[in-house]
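Written out below as structure tokens is the structure these notes cover.
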Amino acid sequence: MISFLQGILASRHADRVEVDVNGVGYEAFVTQRTLQALPPLGQAVTLKTYLHVREDLQQLFGFINDGEKQAFL
């Protein structure tokens, strides 16, 4: 389980971001609330995460805080 990501915000899109964690890029789907709360590109960021695993799919979801993560769960 990946419980959080801490790194540099590398890119942002309408529904997801990429976080550079020591040279490894993690893509995480995010809510609009999280997207608005993120720092500018190139700045440090920490996201609480939930890894959704199915037989045919793995998706990482990122949240700005534990409260938002709990609401999602």
Side-chain angles (χ1 to χ4, degrees):
M1 175 71 84
I2 301 171
S3 62
F4 71 94
L5 294 177
Q6 189 171 33
I8 303 298
L9 185 59
S11 71
R12 59 187 336 150
H13 306 278
D15 62 347
R16 66 193 188 287
V17 296
E18 292 175 359
V19 179
D20 179 342
V21 180
N22 294 322
V24 178
Y26 290 88
E27 179 181 66
F29 291 93
V30 296
T31 64
Q32 288 299 309
R33 182 176 180 196
T34 293
L35 199 59
Q36 293 171 357
L38 293 173
L41 293 179
Q43 298 295 312
V45 66
T46 299
L47 291 176
K48 301 294 183 170
T49 58
Y50 169 72
L51 179 61
H52 181 77
V53 178
R54 292 190 338 206
E55 183 178 308
D56 61 341
L57 178 70
Q58 292 186 27
Q59 290 178 305
L60 187 64
F61 293 88
F63 309 95
I64 199 66
N65 57 41
D66 286 323
E68 189 174 70
K69 179 179 176 180
Q70 288 306 315
F72 174 82
L73 296 174

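What you see is a predicted model, and the numbers here were worked out from it, not measured in a lab. All residue numbers in this chain count up from 1 along the given sequence.
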From [X] atom [atom1] to [Y] atom [atom2], the distance as rounded to the nearest 0.5 Å:
| X | Y | atom1 | atom2 | result |
| --- | --- | --- | --- | --- |
| Asp66 | Leu73 | CG | CG | 10.0 Å |
| Gln6 | Thr49 | CD | OG1 | 12.0 Å |
| Thr31 | Gln36 | OG1 | CD | 8.5 Å |

**Asked** Would you call the rings of Phe61 and His52 parallel, tilted or perpendicular, where under 30° means parallel and over 60° means perpendicular?
**Response**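 The rings of Phe61 and His52 stand perpendicular, inter-plane angle above 60°.
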To check you understand the geometry: which heavy-atom pair defines the closest contact between [X] and [Y], and what is its length?
| X | Y | value |
| --- | --- | --- |
| Ala44 | Pro39 | O-CG, 3.3 Å |
| Ala28 | Gly62 | CB-N, 4.0 Å |
| Lys69 | Tyr50 | CE-CB, 4.4 Å |

Cluster overlap [X] with [Y], hydrophobic side-chain contacts below 4.5 Å:
| X | Y | result |
| --- | --- | --- |
| Leu38 | Leu60 | yes |
| Phe4 | Val30 | no |
| Val24 | Ile8 | no |
| Tyr26 | Leu47 | yes |
| Met1 | Leu5 | yes |

Legend entry - Val45/Val17 under side-chain contact (heavy atoms from CB on, under 4.5 Å): CA gap, chis, key distance, verdict: CA-CA 11 Å; Val45 66; Val17 296; over 6 Å; no
TODO: Mark yes when over 12 heavy atoms from residues, nucleotides or ligands other than Arg33 sit less than 6.0 Å from its CZ; otherwise mark no.
DONE: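 Open: at most 12 neighbouring heavy atoms sit under 6.0 Å from CZ of Arg33.
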**Prompt:** Counting heavy atoms not belonging to Asp15, are there more than 12 under 6.0 Å from its CG?
**Reply:**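 Buried by this count: over 12 neighbours within 6.0 Å.
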Item to check | Check: Thr34 side chain, Ile64 main-chain N or O, donor-acceptor pair, under 3.5 Å | outcome: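 Checking the backbone N and O of Ile64 against the side chain of Thr34, a donor-acceptor pair under 3.5 Å is found.
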Quick one: does Gln70's side chain have a donor or acceptor within less than 3.5 Å of a partner on Asn65's backbone?
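Not a single qualifying donor-acceptor pair exists.
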How about Gln43 and Leu9: do any of their side-chain heavy atoms sit closer than 4.5 Å?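 No. Closest side-chain heavy atoms not under 4.5 Å.
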request  = Compare all side-chain heavy atoms of His13 with those of Glu18 and state whether any distance is below 4.5 angstrom.
outcome  =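 Yes - at least one pair of side-chain heavy atoms lies under 4.5 Å apart.
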